[in-house]
Chemist: 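Please read through the structure below; I'll follow up with questions.
What you are looking at is a predicted structure, and each value in this text was computed from that prediction instead of being measured. Order of the sequence lines sets the chain letters (A, B, ...), proteins ahead of strands, with each chain counted from 1.
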Amino acid sequence: MNKILSINGKLYTIDIADDTPILWAIRDFVGLTGTKFGCGVSQCGACSILIDGVLTKSCSMPFSYAVGKEITTIEGTSENLEFLREAWNDGNVPQCGYCQSGQLIAATSLLDKVENPTDKDIDNAMSGNICRCGTYSRIRKAIHRAVELKNQSI
Amino acid sequence: MSNIQQINRRDFVKLFGLASTGIILGCNISSDKKDFIPQTEGTFAPNLFVQIQKDGTITLIASRSEMGQGIRTSLASAIADELEADWKYITVQQATGDSKYGNQNTDGSRSVRTILEPMRKMGASAKMMLIAAAAKKWNIAEADCKAENHHIINIKTDAKIFFGDLVNVAAKEEIPAESKLQLKKVEDFKYIGKNLKSVDLKDFTHGTANYGIDVRIPNMKFAAIARCPVTFGTVKSFDAADAKSISGVEKVIQLDRMIPPTGAFFGALGGVAVVANNTWSAFQGKLNLNIEWNYGENESFNTEEFTKKITKRVHEKGKLIPGSTGDVNSAFNESKNIVEATYKVPFLVHAPMEVPNATAWFRGDKIEVWAPLQDPQTARAELAHFFEVDIENITVNVTFIGGGFGRKSKSDFVVEAVALSKKINAPVQVVWTREDDIKHSFYHATSVQYLKGSLDGKGNVSGWLQRVAVPSITSSFKPLSDYASGFELGQGFTNNPYNLDNFRLENVKAEANLRIGWLRSVVHIHSGFGNNSFVDELAFAAKKDPVEFHLNLIGKDRIIQGKSEYPYDSKRMKNVLKKTAENANWGKKLPENHGIGIAIHYSFYSYVATAVEVSVRDGKVKVENIWTTIDCGLVLNKDNVKNQLEGAAIFGMSIALYGKVTTKDGAVEQNNFFDYQMTRMKDTPKINIDIIDDMSKKPTGVGEPGVPPMAPAICNAIFNATGKRYRSLPLIDEGLLV
Ligand code: FES
Ligand code: FES
């Protein structure tokens, strides 16, 4: 059965079983591979996306839930995501890079909600995302830096 | 790239010398056989690693795998520096697995150590050819030309020509003899030793870096494999009806175990594969298989009993290991201050964020694979062996690696994918679930150590006895390897950094009932934990400050040459220890419930000292601060070294606090990140990294040496805070909350 997904402002028609998690709809059917598989059970955040702006672990949400909603993935853009990208760049954050799609999306969601997050806010918002390479302190700095960049731009 | 692949291998053997010895001798760049380097019109390719286009773009080939250690950037910076290239024109391409690039095995923290110089020569050679080309154009002497910022400059007139404009002429120049190459002086480095950002940042922040799991080729299938819960068990029978009823599932196929020839390769476990048109259906199909297994001889393996067994053994005499010196027994007899302790480390698993996976296409006499591999050449040789395809017809494409830590130096997942592709006659991507990754790895071995030490009247260590029981990595190559091998004991046991007159090391039997492999810093995890915990216990018994005690134990300035070109220099060890103590403000008054601990370690020829400050409140431990100093000789990319050491601190914290793999009836009990936990943002302390910057020394390991001191420094800090000594890892199992 054909379904329509809206991802990063584009519409995709795919033929897929309803219970397929959004993660695999995006990766295997739509073909956008920036959203990563890490655990499949909501533990690592590698698969983080925004659905109508809400942070979602796409491995654990059936595809049907996203129909009629707007999905943002790491291939997309938003004001906060762009500041974060710049800050990630300034801080040379990634190591292997694999978790960073999810980290950036989770950080975007944080900045969408909290204008100037404290370390505690960052702990709470970012602890669902595992980075086995251990780039956490750089991620923390980069989130603060993104706020700085944003304030400078105003 | 495709051009490069077509070059006949034998010609490259002539050109580069075959790197069969395991070191990159392959980079013999001086040769008149330039014909064998692919030359495309409008491109200047002076050697296999450098290609310059007319628009000035320089493509550098990275022969080692990128798994987060920043090697693509580091190697590129070495070539670019000698070439006097402008960084903004540099792009990096990944080499396929091929001996023409020299040894590509990316492990043992040795990439920079072994190929820095050859890479610099590649750059210098290209520069000389560009200079020769410019000299010809201007009709002046080469000596009157120099390279600067992507141009060749006429020293006399200041005229300059852009690199890109020299491409056609330079391509006709002779490759200079290696003896003619002049490498830059340390003080002239432009990129080496500086802070360079990753060349891959843009891809990493836009989701466009292609990892193995992201490979997509037309008409490919996706597959998941059910493997026997017990190591080396086999399929007795299976019923595929439920699996086949899952939408998207196309085929269910049995795979045989592929047994590696003794001493070589790793083979594959075999099992039942579910082939589908998407990953999710393959996963679901696998969960719905009904399989009966022959569990085999490892069925009785319970880690709890095993630990008991080897704990008992370390309290009996073991096999004496060469390198022991003096007479510990008389030292013990003469001492009034004896300390004894037993330390335990559990099995650990790498759990890189990208699960093992491989995409393969078997086409009769040809094989092509795409995979996140640390050691693509071994994978290629292994495929040639198992599938009887001429190695020339096997292409191994190395993708980005979403974390390796040693797991992806094995090629079992590639062998599986090729076997399956052969059976279904189509390209297929085999993806491991996280559960597969945790339950079927090549594990970091468990260990038990017994230590006994004596102090003389002045509180100096007079005797040191150490018994080690650790299943050997060799068991993965060779059956009946029941003792740690020499290369394993050489990781911090036979070569600890201390000056001991009476030292006795004993090897204790420990069988392997899981596949054993290497995990970031390998046996150093055991030696680092045992040695540093025990030194701290001795310092306490001697009523001395741990830093002072350590300095004293490292002893006088001495250089131990050994067989290696990297002698151990006790001065450098003391130096990093002092630096760390200084950075941590060692001796300062700590807040209530806080404690501080120190550990040192020498590994991969690098010197590391780490201090950790913890707080312990109501049985809850929090790592507050970490200070690490590394002396790794010449530093290629400072910010990258810093990033690696920060990562090693987090990795070491995971080992200390959380990591543990156990088995019951032969099967691994852990499943996923909820029961194989690791450090998260909320656990992350302040991390301070100090790098001793000694450009006169050879570069040594960076990726691994930061790991071993972490767990003991944490345990020593907890002892300092609470007076309670933790001798078994992980700490969450020892009644501590995190
Ligand atoms: S893959 Fe979704 S949380 Fe790990
Ligand atoms: S950068 Fe490798 S897992 Fe985060």
Chemist: Flag the one option from B/T208, B/N643, B/L201 with the top tally of heavy-atom pairs under 4.5 Å to chain A.
Modeler: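 Of B/T208, B/N643, B/L201, B/N643 has the most heavy-atom pairs under 4.5 Å with chain A.
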Chemist: For atom CD of A/Q152, decide whether the heavy atoms of other residues, nucleotides or ligands shown that lie under 6.0 angstrom number more than 12.
Modeler: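 Correct, the count exceeds 12.
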Chemist: Given heavy-atom pairs under 4.5 angstrom as the criterion, report whether the side chain, backbone, both or neither of B/N672 touches chain A.
Modeler: side chain
Chemist: What part of B/L196 gets closer than 4.5 Å to chain A, counting heavy atoms only: side chain, backbone, both or neither?
Modeler: backbone
Chemist: Any idea which of B/K682, B/K202, B/M353 has the most non-hydrogen atom pairs under 4.5 angstrom with chain A?
Modeler: B/M353
Chemist: Side chain, backbone, both or neither: which part of B/F674 has a non-hydrogen atom closer than 4.5 Å to chain A?
Modeler: both
Chemist: Measure the shortest side-chain to side-chain distance between A/P94 and A/T135 over non-hydrogen atoms and say whether it is less than 4.5 angstrom.
Modeler: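 The answer is no, as the side chains (C-beta and beyond) never meet within the 4.5 Å cut-off.
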Chemist: A/S78 versus A/T72: any side-chain heavy-atom pair under 4.5 Å?
Modeler: no
Chemist: Name the member of B/T684, B/T279, B/I650 that forms the most heavy-atom pairs with chain A at distances under 4.5 Å.
Modeler: B/T279
Chemist: Where does the angle between the aromatic ring planes of B/Y191 and B/W87 fall among parallel (under 30°), tilted (30 to 60°) and perpendicular (over 60°)?
Modeler: tilted
Chemist: Do B/T205 and A/Q100 have a side chain donor and acceptor closer than 3.5 Å?
Modeler: no
Chemist: With a 4.5 angstrom heavy-atom cut-off, could you sort out which part of B/S247 is near chain A: side chain, backbone, both or neither?
Modeler: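 For B/S247, the contact with chain A is made by the side chain alone.
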Chemist: Are A/C99 and A/N129 packed together at the side-chain level, in the sense that at least one heavy-atom pair is separated by less than 4.5 angstrom?
Modeler: no
Chemist: Please classify the contact of B/N210 with chain A as side chain, backbone, both or neither, using a heavy-atom distance under 4.5 Å.
Modeler: side chain
Chemist: Between the side chains of B/Y658 and B/D683, does any donor sit under 3.5 Å from an acceptor?
Modeler: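 B/D683 and B/Y658 do have a side-chain donor-acceptor pair below 3.5 Å.
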Chemist: Would A/K69 count as a cation-pi partner of A/Y65, with NZ or CZ less than 6.0 Å from the six-membered ring centre and within 45° of the ring normal?
Modeler: yes
Chemist: Are B/N288 and B/K244 packed together at the side-chain level, in the sense that at least one heavy-atom pair is separated by less than 4.5 angstrom?
Modeler: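 No. Closest side-chain heavy atoms not under 4.5 Å.
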Chemist: Heavy atom to heavy atom, less than 4.5 Å: which residues from residues 119-128 of chain A reach chain B?
Modeler: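 Result: A/I122, A/D123, A/M126, A/S127, A/G128.
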Chemist: Please flag which part of B/I687 lies under 4.5 Å from any non-hydrogen atom of chain A: side chain, backbone, both or neither.
Modeler: side chain
Chemist: Pick one of side chain, backbone, both or neither for B/S654, based on which atoms fall under 4.5 Å of a heavy atom in chain A.
Modeler: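 Contact with chain A involves the side chain of B/S654 alone.
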Chemist: Answer yes or no for A/R27 and A/F37: cation-pi contact, defined as NZ/CZ to six-membered ring centre under 6.0 Å and angle to ring axis within 45°.
Modeler: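 No, a cation-pi geometry is absent between A/R27 and A/F37.
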Chemist: B/M678 versus chain A, heavy atoms under 4.5 Å apart: side chain, backbone, both or neither?
Modeler: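 Side chain only.
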Chemist: For residues B/K408 and B/P352, determine if any side-chain heavy atom of one lies less than 4.5 Å from a side-chain heavy atom of the other.
Modeler: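 B/K408 reaches B/P352 side chain to side chain.
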Chemist: Chain B: which of A/Q103, A/R132, A/K36, A/R85 shares the most heavy-atom pairs with it under 4.5 Å?
Modeler: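 Ranked by heavy-atom pairs under 4.5 Å with chain B, first place is A/R132.
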Chemist: Any side-chain heavy atom of B/I213 within less than 4.5 Å of one from B/V355?
Modeler: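 With C-beta onward as the side chain, the pair touches.
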Chemist: Select, from B/H350, B/K686, B/M653, B/R520, the one with the greatest count of heavy-atom pairs under 4.5 Å involving chain A.
Modeler: B/H350
